[in-house]
Each structure stands twice: as C-alpha cells, then as structure tokens.
Amino acid sequence: MEKKLIYMDNAATTKVKPEVVEAMMPYFTELFYNPSSTYGVAGEIAQEVDKARETIADFLNCEAREVFFTGGGSESDNWAIKGIADARKDKGNHIITSKIEHHAVTHACQFLEKNGYEVTYLDVDEYGMVDPKAVESAIKSNTILITIMFANNEIGTIEPVKEIGRIAHEHGVLFHTDAVQAFGHVAIDVKEMNIDMLSASAHKINGPKGVGLMYINKSIRISNLIHGGGQERGKRAGTTNAAGIIGFGKAVEIAASTLEERREHEMRLRNHMVSRVMEEIPYTKYNGHKTERLSNNASFCFRFIEGESLLLMLDMAGICGSSGSACNSGSLDPSHVLLAIGCPHEIAHGSLRLTISEETTLEDVDYTVDKLKGIVERLRSMSPLYEDFIKKGGND
Amino acid sequence: MEKKLIYMDNAATTKVKPEVVEAMMPYFTELFYNPSSTYGVAGEIAQEVDKARETIADFLNCEAREVFFTGGGSESDNWAIKGIADARKDKGNHIITSKIEHHAVTHACQFLEKNGYEVTYLDVDEYGMVDPKAVESAIKSNTILITIMFANNEIGTIEPVKEIGRIAHEHGVLFHTDAVQAFGHVAIDVKEMNIDMLSASAHKINGPKGVGLMYINKSIRISNLIHGGGQERGKRAGTTNAAGIIGFGKAVEIAASTLEERREHEMRLRNHMVSRVMEEIPYTKYNGHKTERLSNNASFCFRFIEGESLLLMLDMAGICGSSGSACNSGSLDPSHVLLAIGCPHEIAHGSLRLTISEETTLEDVDYTVDKLKGIVERLRSMSPLYEDFIKKGGND
Amino acid sequence: MSQATEYSKKVMDHFSNPRNVGEIEDASGVGTVGNAKCGDIMRMYLDIDENQVIREAKFKTFGCGAAVATSSMATELVKGKTVREALEVTNKAVMEALDGLPPVKVHCSLLAEEAIHAALWDYATKNGISIEGLKPPVDDIDETEEFYEMQGE
Amino acid sequence: MSQATEYSKKVMDHFSNPRNVGEIEDASGVGTVGNAKCGDIMRMYLDIDENQVIREAKFKTFGCGAAVATSSMATELVKGKTVREALEVTNKAVMEALDGLPPVKVHCSLLAEEAIHAALWDYATKNGISIEGLKPPVDDIDETEEFYEMQGE
Ligand SMILES: Cc1ncc(COP(=O)(O)O)c(C=O)c1O
Ligand SMILES: Cc1ncc(COP(=O)(O)O)c(C=O)c1O
C-alpha cells in the first residue's frame with residue numbers, strides 16, 4: 001500500500017479527523033467509565049456526552065433533549081420507520097416514501113409491508129427529484145409517516161424537504177428525513193424545514209463508524225427499536241458509547257465551522273471534474289440534478305461498460321470510487337436509484353460515483369479524469385456492446 | 001481527578017486495554033475505508049474484520065459465518081427476541097424467559113406482549129437459579145423461543161444453560177442466552193452447551209463500547225432488527241464498524257488466553273472480600289449463588305441503609321461500585337433481580353455490587369472493606385430503621 | 001445519570017456533612033414519613049419552647065443523597081423559627097436553599113416538608129393545640145410520591 | 001465485500017491482462033451469451049481448422065472482473081483443442097484454472113462455458129456438422145443465472 005491513493009469515495013465513509021480521534025482517545029482508557037454510573041468520574045463523562053448532544057442540537061436548531069444517539073444511520077432509519085409504525089398503529093398503517101431511498105429505509109418499509117402495513121414508493125423525475133405534489137396526492141386518511149431522504153447517496157440530488165415537511169404538517173402526518181448524506185454538508189434547520197425526525201451518521205462527516213443519531217421532535221411519541229436500560233431518556237437502550245459520541249460531537253463542531261468553505265472548494269473541483277468528463281468522454285450521462293445536489297458528489301454512467309471492471313481498473317490506478325452505493329457492491333443488481341431516474345439496465349450497470357472532500361486537490365481531479373478516460377476507452381474496446389454500436393454506425 | 005480510584009464496577013463496563021486501543025487506531029485514520037468497498041485497501045480491512053470474526057468463532061466453538069456483529073449487547077438481545085418472534089410468528093407466539101433477565105431482554109419481551117405475543121417469566125430460587133424443570137413445564141405447543149441469561153449482571157449467578165438448552169432442543173424450541181456478562185469470563189462452547197443464539201458485548205471484556213455480537217446457529221432463520229445494506233451477510237445493516245470490531249477481536253484474543261488466570265485471581269480476591277464483609281459487617285446478606293457465580297462478582301444487601309447514599313460515600317472514599325445494575329441508577333425502583341430472589345423492598349434498596357478485575361489488588365480489596373465498614377456504620381447511625389431495630393432489642 | 005454530578009454543591013455538602021443528625025429525647029414533636037418500600041424514610045425530632053419557637057431540630061433518614069440533604073436542610077431551616085413560620089418552610093424553600101435538585105429527586109424535598117408537618121402535628125396533638133393550616137400526616141404517601149416522580153420526567 | 005481481495009491472483013491477472021481480447025474476421029464460429037440487463041455479455045470468436053482444431057480464440061466481454069477473467073481463461077483453454085475437447089472445457093475447468101471464484105461470481109464461469117458452446121454451435125450450424133453433446137444456446141439465460149446466483153449465497 002505504498003502508492004498514494006486518491007480517495008473519491010467520501011459518500012461511502014470518511015477519514016476520522018485527527019482532532020476527532022484525539023477527542024475520543026481518553027474515553028477508551030483513563031475515562032472509560034460507564035456514564036450512567038453514580039460516581040463522580042462517570043458523571044463527568046456524562047456531561048461530555050451531553051456537550052456533544054448540545055453541539056449537535058445547536059447545529060440542527062433543536063433542543064439537546066431532542067437528539068438521541070444510536071449505533072448508526074441504518075439503525076436510526078429503522079428506528080424512525082418501525083418505531084412510528086408501532087407507536088401509531090392505532091392511527092393508521094400507511095407510509096409514504098420514494099423509490100430512491102437508501103436500503104435502510106426501503107428494506108425497513110418492505111419489512112413492514114410483510115406485517116400489515118401499506119407503503120407508497122413515489123416515483124422521482126429524471127434528476128431524482130421527488131415531487132411535493134405527488135407526496136400530497138399520496139396522503140390518505142391512514143397515512144402515519146412520510147419518509148423522504150434529504151440528499152441521495154448515489155446521485156447527490158437534494159430533495160425539496162422543506163416543502164414536503166410543510167405538506168406533511170398540513171395533513172397532520174409526521175415527516176422523517178434520512179439526512180445521512182446531507183448532515184454536516186448542508187445547513188439543516190429542522191424547525192425551519194418542517195422536519196419531525198432526522199437520521200444522521202458520524203462516519204459520513206469525519207467521525208467514527210458505529211455512531212448515529214436521530215433528532216425526534218419532543219412532541220412525538222415513538223416506540224423503541226432497542227428496548228432495555230434507561231439510556232437516551234429511555235428511548236434507546238445500550239451502554240452509552242461515550243468515546244464515539246464525543247467523537248461525533250467534535251466532528252460536528254468542525255463540520256459546522258467549515259461548512260461554507262468546504263462547499264465552495266468541493267463545488268469548484270467537482271464542477272471542473274464534471275466538465276472535463278463530459279467533454280472528454282463520449283457516451284456519458286451525468287446523473288442527478290445540475291444544481292440541487294451535494295457539493296461533493298459526481299455520478300456518471302458510461303455506456304457500453306460495466307461498473308465493477310471500471311472500479312477495479314481505477315483501483316489499479318490508485319483511485320477509490322464506487323459504483324452505486326457502497327453497501328451494495330458485490331451485488332449483481334444495478335442500482336435501484338439509477339433505474340428510478342430512468343437509466344436502462346445496461347447503462348445503469350456502467351455507473352461510477354466519485355465523491356470528493358475538502359482534502360481533494362485539483363491535481364487529484366485531473367489525474368482521475370486522465371486515468372478514467374483511458375480506462376473507459378480500454379473497457380469499451382473490449383465491449384461487445386460497443387462493437388455492435390460502432391458497427392451500426394454509432395447510432396442506437 | 002487526581003486521587004486514585006479503586007474501580008469495583010467491572011460488570012458495568014471495563015477499561016479498554018492498551019493493546020486493544022492500539023489495534024483499533026489505524027482503522028480510524030490511515031485505514032478508515034469502508035470494508036464493503038471494491039478497492040483493495042478496503043478489502044484488506046474486510047479481511048481484518050473477518051479475522052476478528054474467526055477469533056471469536058474459535059472462542060465460542062462455532063463457525064465464523066455464525067458470528068454477526070452488532071452495536072452492543074442490548075441490540076443483540078432485542079434482535080434475538082424480536083427477530084425470532086417475527087421469523088416464527090406462523091409457528092407460535094410464546095416465549096419463555098426468567099424474572100432476572102437484563103432489561104434488554106425483559107423490556108423487549110414486554111414490547112412483544114403488547115403486540116400479541118405471550119411471555120412466561122420464570123421464577124428463580126433464592127440464589128437466582130432458574131430451574132430447568134420449570135423451563136420444561138413452561139414449554140407449550142406454541143413456544144418459539146427460550147431466552148435465559150448465561151450469568152446474571154447483578155448477583156453473578158451462572159444459570160444451568162447447557163441443561164436448559166438440552167430441554168429446549170428436546171422440545172424443538174430455540175434457545176437464546178444473553179451472555180453479555182459471561183462472555184470472556186467463562187469458557188463457552190455453544191455446541192456443547194446446546195446454545196442456538198448468544199449475545200455478547202465488547203465493552204464488558206476490555207473492548208470498546210458500541211460493539212456487540214450475536215452468535216446464530218447457521219440453521220436458524222431470523223428476521224433482521226436493522227434492515228438495509230448487505231453487511232453481515234445481509235442480516236445486520238449498517239456500515240461495518242471496522243475499528244470497533246477489530247478491537248473486539250483483540251479483546252477476545254486476550255481474554256481467551258488469560259481466562260484461567262483471571263478467574264483464579266478474581267476468585268481469590270472476591271472470596272477474601274466476601275469473607276471479610278460477612279464477618280465484619282453485621283446484618284448483611286450475600287446475594288447470589290455461593291459457587292455457581294462469576295468469579296469477579298460480589299453482591300450484598302446491607303440492612304437499614306439505602307444504596308445511593310452508600311455509593312456516594314464510597315465514591316467520596318475513591319471507590320467505584322454500583323447498586324443494582326448501572327443502567328438503572330437514578331431510577332427509584334429497587335432491582336427486579338433482588339426482588340426476584342426474595343429480598344424485601346427495603347432490603348433490596350440497600351444493595352451494593354462490587355465487581356473486580358484482574359487489575360484489582362489485595363490492597364484495593366482491603367481498603368474497600370475497611371471504608372465500607374465505616375460507611376455502613378455511619379449510614380446506620382443516621383437510619384430511623386436501624387434506630388427502631390435497636391430499640392426493639394435488635395430483633396425483627 | 002451520575003448523581004454526584006447532578007447534585008449541586010450544596011446538596012453534596014449537606015449529604016456529606018449532614019447538620020443535626022440524631023435524636024432528641026423527650027422531643028416536643030416527632031414525625032416519621034415515607035416508607036421503606038419506596039426507599040425513603042425521614043424522621044424529624046423537634047424541641048419547641050413555650051413560645052412555640054423551635055429550639056432544636058434533629059433528624060434520621062433512610063434514603064438517597066437527596067433525602068439526607070433535604071432532611072439536613074429542613075432541620076436547619078426550621079431551627080429558631082416559630083411553629084407558624086416553620087409551616088412556611090415548603091419543599092420549594094428546601095430545594096431553593098439547596099440550589100435545586102435533579103428532577104427525579106424533587107420528591108425528597110416534599111418528603112422533608114411532610115416530615116416537618118408530621119413533627120408539628122405530633123407536637124400540636126400532644127399539647128392539644130391547633131395550628132392553622134396544618135393537616136394531619138398522610139399514612140401512606142405513595143400516591144403523592146408517584147405524582148411527583150412523574151413530574152420529574 | 002471487496003472484489004479486489006476476494007478474487008484470486010490468477011483472476012486479477014487475467015482481468016488486468018486479458019488474453020485474446022478482440023475479434024476474428026470471418027470467424028468459423030461466433031457466440032454471444034448473457035444480456036446487458038444482467039450486466040454480463042460475452043462474445044467468443046473461434047477460428048477452427050479443417051481438422052476441427054481451434055486455431056485461434058478471441059473474445060469481447062461486457063461485465064465484471066470475473067466475467068473478463070473467465071472469458072480470457074476460456075479462450076486460453078480452448079485454443080489448440082479439438083472441437084470435442086473444447087466441449088469438455090466446463091465452467092468448473094475455467095474456475096479451477098483461475099484458482100476459484102467468489103461464490104457470487106460462479107455464474108460468470110458458467111457464462112464462459114456457454115460462450116464456448118454458443119460459438120461451437122454457430123460453427124456446427126454454418127458447416128452442417130452435428131457435434132455430439134452440444135445443445136443449442138439458450139436465448140435468455142436469466143433463469144439459469146438466477147439459479148446460480150442463489151447457490152452463491
Ligand atoms: C446481562 C446483560 N445483558 C445486556 C446488557 C446490555 O449490553 P450493552 O450495554 O452492551 O448494550 C448488559 C450490560 O449492560 C448486561 O449486563
Ligand atoms: C442515505 C443513507 N442512509 C443511510 C445510510 C446508512 O448509514 P450507516 O452506514 O451509518 O448505517 C447511508 C450510508 O451508508 C446513506 O448514505
């Protein structure tokens with residue numbers, strides 16, 4: 001592993017910042033105590049945990065007691081959906097979501113469908129946008145929850161969350177948003193944006209893996225996903241992961257103070273990358289919305305080639321990217337997100353997601369595009385689909 | 001925090017060993033990659049995660065693919081109970097457990113009771129022992145799961161797990177055991193002990209908080225608690241907490257190699273402590289089983305005094321102990337475990353759990369007993385219950 | 001949550017150095033409130049002079065840190081007061097004097113108020129006096145307690 | 001799981017330096033199997049002499065690393081063999097020659113076997129020969145694939 005790697009997969013996970021590691025360290029060893037214990041040292045740790053909670057509450061514009069720590073984004077999503085489904089089962093059994101949610105949301109919904117719930121999976125347009133009007137039309141008298149992601153993990157599209165939340169509230173329905181990709185990258189004000197519940201994950205913003213959170217508006221009653229001890233105000237059992245939470249707090253503190261500059265840097269490089277790719281590599285589709293998208297995300301489909309081969313060759317060139325979402329690598333199905341925005345199967349197979357960070361340089365981007373160009377060419381020269389296409393005169 | 005603390009609360013949580021911290025470190029920074037990603041460096045991390053899985057599988061005498069990592073012991077318990085309840089709902093709706101389980105088990109069971117399941121909470125004897133015969137009598141045609149803890153967290157009693165497992169299998173019922181307290185402290189062979197599913201947690205054996213596991217026999221179908229990505233063979237979604245899991249693996253590796261010597265050291269000191277307390281402090285009850293108990297656990301009830309006051313005074317003397325289970329501190333109810341073994345309420349209120357470790361010294365123990373003696377005396381001198389008792393001539 | 005850090009300095013001071021622990025022989029009034037089942041019992045002894053001034057107050061308490069501290073503070077607050085003034089030593093007054101209590105511990109201050117009242121009632125009964133506004137102590141305060149526990153989340 | 005580490009060295013070698021990529025003009029037999037929907041298409045070109053010996057084999061593949069590697073290995077294995085011998089180049093033979101494949105990728109080796117068969121079928125049809133044991137290629141191999149996917153957990 002001597003050669004330098006260019007990491008373009010920040011949507012999959014991010015490097016823990018040294019300041020975050022430093023903040024966590026004491027809580028493994030000297031201050032390893034259980035924050036729920038009676039003794040004073042334990043209480044001091046509990047106070048640090050609550051400081052992290054406050055930092056995050058400030059960032060989201062909510063109260064500290066509305067922030068609940070979990071074991072990750074997937075747990076938060078499952079909790080939101082199953083917890084509301086259970087708590088409101090007397091009120092209704094209908095949930096509205098979209099076709100481009102993360103599997104943590106869609107599979108939780110599918111599980112509920114097997115247990116007597118009804119789920120509407122809304123279509124999106126070619127940019128991956130959910131239409132708030134479609135949300136409104138889908139609401140029925142038995143609708144108990146609307147869950148629409150804040151920003152998509154594959155194509156980066158940012159959804160009209162505020163408008164969807166407004167509609168939800170107009171109809172007295174709860175609104176949850178999976179903000180795992182957006183949190184720490186986009187300014188989020190849960191009050192202003194009409195968000196009742198929000199999922200986030202530390203490892204997507206330079207915090208540790210295995211720590212997530214859910215914001216739950218204080219007026220909401222939700223059943224536990226994990227029952228047991230009285231931690232997290234009785235709403236999420238399990239010995240408090242003090243080190244992880246304190247690391248999460250530090251990561252948010254840093255993210256909050258660098259939000260704008262990161263966005264600008266990423267936008268500039270991302271846009272440069274996209275322009276070059278679209279100009280220099282023919283038969284390429286740029287996925288997602290042009291403007292309403294995460295600043296660090298670029299998503300392409302290269303016709304006639306297949307994603308895994310592309311990734312392997314990029315890897316050999318020292319470039320880390322992803323095809324579809326990382327959780328699904330190794331699966332043989334093309335991304336449900338790309339299919340939902342209207343990519344035909346064989347084009348969806350040739351997808352590449354490159355997600356940069358504040359550490360990415362112009363050189364990294366140019367090196368990546370240069371390599372990518374050659375790799376796409378090489379794979380196309382091996383592709384029977386490309387052969388047919390050229391023989392047919394380059395027209396479909 | 002200058003003064004030296006004597007830590008006697010190892011059942012609440014343990015200090016992460018320096019070797020474990022060291023093993024985890026690289027996976028926060030240089031090797032922060034998502035183990036599910038395609039590129040080579042990510043694959044190397046996935047291999048380290050699988051090494052941890054193998055270490056643990058060897059320790060439990062199962063296959064690596066039967067070990068699933070979770071976000072902690074509570075999650076594992078909830079998963080076992082709710083996952084089997086869902087997967088076997090067509091087969092039956094009856095679960096058997098005991099009255100002295102951890103809240104992660106009892107509250108998960110209570111949740112199921114609200115959702116159409118039926119739960120039998122078995123009594124225990126005065127030592128906290130579940131009677132295998134009672135388990136057998138409780139089995140009905142609709143019984144789908146027996147969940148009995150391996151060792152109790154408050155009083156340390158080790159349950160007749162092997163015999164209960166045998167009975168479960170004889171009747172074609174699954175057997176889960178919450179081994180969060182026992183794992184790493186007692187040798188466990190899941191095959192030999194007839195265990196189908198087992199929960200454990202890293203932070204109880206010098207690993208990090210927020211990481212747990214479940215052993216699930218490969219023949220068992222269980223529904224997910226956390227749906228989503230394909231991690232953990234599709235059974236537990238969420239970006240793999242590589243650092244945490246690798247730390248867990250290291251902790252198990254160390255625990256496996258020191259099991260016997262730790263047990264001997266702890267038994268010797270614990271027995272010394274118990275003898276001194278029982279000889280020198282009158283009106284004291286020693287809770288739990290005399291021999292069938294965790295080597296590091298001592299649990300007492302001191303009559304006429306209340307647990308929190310006792311803990312606060314011990315804390316002022318630099319001694320960390322617990323009253324009941326740590327998760328419940330701050331609650332006003334006395335421990336359900338002590339009530340189940342027949343302690344009257346007012347006696348259950350005066351409980352103290354001291355749980356030592358391999359690092360505890362004879363001096364620590366003697367200092368603790370000396371201080372404890374004075375504190376109990378002092379609190380009794382302030383107690384109206386003690387006043388009444390003495391005025392009545394020291395008889396009940 | 002850790003009690004040691006949730007308690008104010010004043011609470012910890014009154015817990016670790018409780019004032020007026022003990023009994024008063026032949027006290028003018030003695031009151032015991034709470035029950036062992038709930039984990040708190042307070043007993044208050046008052047020595048009251050002929051002008052209905054509380055000369056001396058002592059307590060014994062079985063209970064948590066807050067129970068001890070509120071008992072201690074309650075004895076301090078009633079000492080030197082007239083019986084009528086002592087009636088105005090409410091649970092709020094005790095809490096304020098201790099710089100507050102964690103929500104789950106508010107019921108301890110209520111118990112302290114009731115202990116004062118119970119001791120005053122005993123004094124009134126023994127001496128055939130009627131003190132305006134003083135009600136007989138409740139036998140079992142479980143219900144009241146539960147109410148206050150709920151307040152404290 | 002990471003493909004790069006799940007693949008054997010041989011697979012990675014055949015993926016990064018695939019042998020016999022390309023087309024053969026006026027090939028004796030050409031076979032295309034798989035479909036773009038499933039993410040794998042293999043096309044195999046065979047140049048077969050009058051003694052039914054495979055003189056030359058080339059391929060083009062749209063697919064994952066394993067698809068490329070199995071195609072490459074399949075061409076290597078059939079080169080120099082008679083038509084009859086080539087029929088015995090099974091998916092197992094391809095897999096073994098590659099030091100194995102991850103379970104989810106087993107279907108790629110099957111595809112390679114089918115590509116050989118399809119090219120041989122084309123050759124047989126063009127030349128009016130019947131080759132014992134050779135079946136006509138299936139039009140849509142979706143079903144077979146799914147079956148094999150399930151095998152691979
Ligand atoms: C017996 C038992 N079960 C379950 C748990 C819960 O484990 P965790 O805190 O890791 O969620 C604990 C400890 O807290 C325990 O002692
Ligand atoms: C949009 C979205 N939701 C949920 C998740 C799941 O988060 P975690 O891996 O922390 O469980 C992810 C990332 O994996 C994500 O991108």
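In what follows, every chain begins at residue 1, and chains take the letters A, B, ... in the order their sequences are listed. The structure presented is a predicted model; accordingly, all values stated were derived computationally and were not measured.
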>> Applying side-chain contact (heavy atoms from CB on, under 4.5 Å) to B:V41 and A:L5, what does each step give before you reach the verdict?
In response: CA-CA 9 Å; B:V41 275; A:L5 283 180; 3.6 Å; yes

> Do A:H227 and B:I81 have side-chain heavy atoms sitting under 4.5 Å apart?
Replying inline: no

>> Under the criterion side-chain contact (heavy atoms from CB on, under 4.5 Å), I'd like the reasoning laid out for A:L225 against B:N78: C-alpha separation, chi angles, the key distance, then a yes or no.
In response: CA-CA 8 Å; A:L225 182 69; B:N78 275 263; over 6 Å; no

>> Check this for me: A:E359, atom CD, are more than 12 non-hydrogen atoms of other residues, nucleotides or ligands nearer than 6.0 Å?
In response: no

>> Would you compute the distance between atom SG of B:C320 and atom CG of A:N34 and round it to the nearest 0.5 angstrom?
In response: 11.0 Å

> Under 3.5 Å, is there a donor-acceptor pair between the side chain of A:H103 and the main chain of B:G228?
Replying inline: no

>> Do B:L311 and A:Y39 have side chains that approach each other closer than 4.5 Å (heavy atoms only, starting at C-beta)?
In response: no

> If every non-hydrogen atom of A:K82 is compared with every non-hydrogen atom of B:N224, which pair is closest and at what distance?
Replying inline: NZ-O, 4.2 Å

> Do A:M25 and B:M25 come close enough that some side-chain heavy atom pair is under 4.5 Å?
Replying inline: yes

> Among A:A242, A:G321, A:G244, which has the most heavy-atom pairs under 4.5 Å with chain B?
Replying inline: A:G321

> Out of A:Q110, A:H107, A:E30, which one racks up the most heavy-atom pairs below 4.5 Å with chain B?
Replying inline: A:H107

> What part of A:N206 gets closer than 4.5 Å to chain B, counting heavy atoms only: side chain, backbone, both or neither?
Replying inline: neither

> What heavy-atom pair brings A:D315 and B:G40 nearest, and what distance separates the two atoms?
Replying inline: OD2-N, 2.7 Å

> Given that the side chain runs from C-beta out, which part of B:A243 has a heavy atom under 4.5 Å from chain A: side chain, backbone, both or neither?
Replying inline: neither

> Can you check side-chain contact (heavy atoms from CB on, under 4.5 Å) on A:S323 and B:T38, steps first, answer last?
Replying inline: CA-CA 9 Å; A:S323 180; B:T38 324; over 6 Å; no

>> Just so I understand: if I count every heavy-atom pair under 4.5 Å between each of B:G210, B:G73, B:S201, B:G71 and chain A, which residue has the most?
In response: B:G210

>> With a 4.5 angstrom heavy-atom cut-off, is it the side chain or the backbone of B:D86 that approaches chain A, or both, or neither?
In response: side chain

> Under a 4.5 Å heavy-atom cut-off, does chain A meet the side chain of B:Y33, its backbone, both or neither?
Replying inline: both

> For B:N241, is it the side chain, the backbone, both or neither that has a heavy atom under 4.5 Å from a heavy atom of chain A?
Replying inline: both

>> At a 4.5 Å cut-off on heavy atoms, which part of B:T240 comes close to chain A: side chain, backbone, both, or neither?
In response: backbone

> Which heavy atom in B:S37 sits nearest to a heavy atom in A:D9, and how many Å separate them?
Replying inline: OG-OD2, 3.5 Å

> In terms of heavy-atom pairs under 4.5 Å, which option from A:L314, A:I226, A:T106, A:I245 contacts chain B the most?
Replying inline: A:I226

> Is there side-chain contact between B:N115 and A:K89, with at least one heavy-atom pair below 4.5 Å?
Replying inline: yes

>> Counting heavy-atom pairs closer than 4.5 Å to chain A, which one of B:K114, B:H203, B:R236 comes out on top?
In response: B:H203

> Taking it one step at a time, do B:K209 and A:Y27 satisfy side-chain contact (heavy atoms from CB on, under 4.5 Å)?
Replying inline: CA-CA 10 Å; B:K209 295 174 184 48; A:Y27 301 92; over 6 Å; no

>> Are there residues of residues 14-23 of chain A whose heavy atoms fall under 4.5 Å of chain B's heavy atoms? If so, which?
In response: A:T14, A:K15, A:V16, A:V21

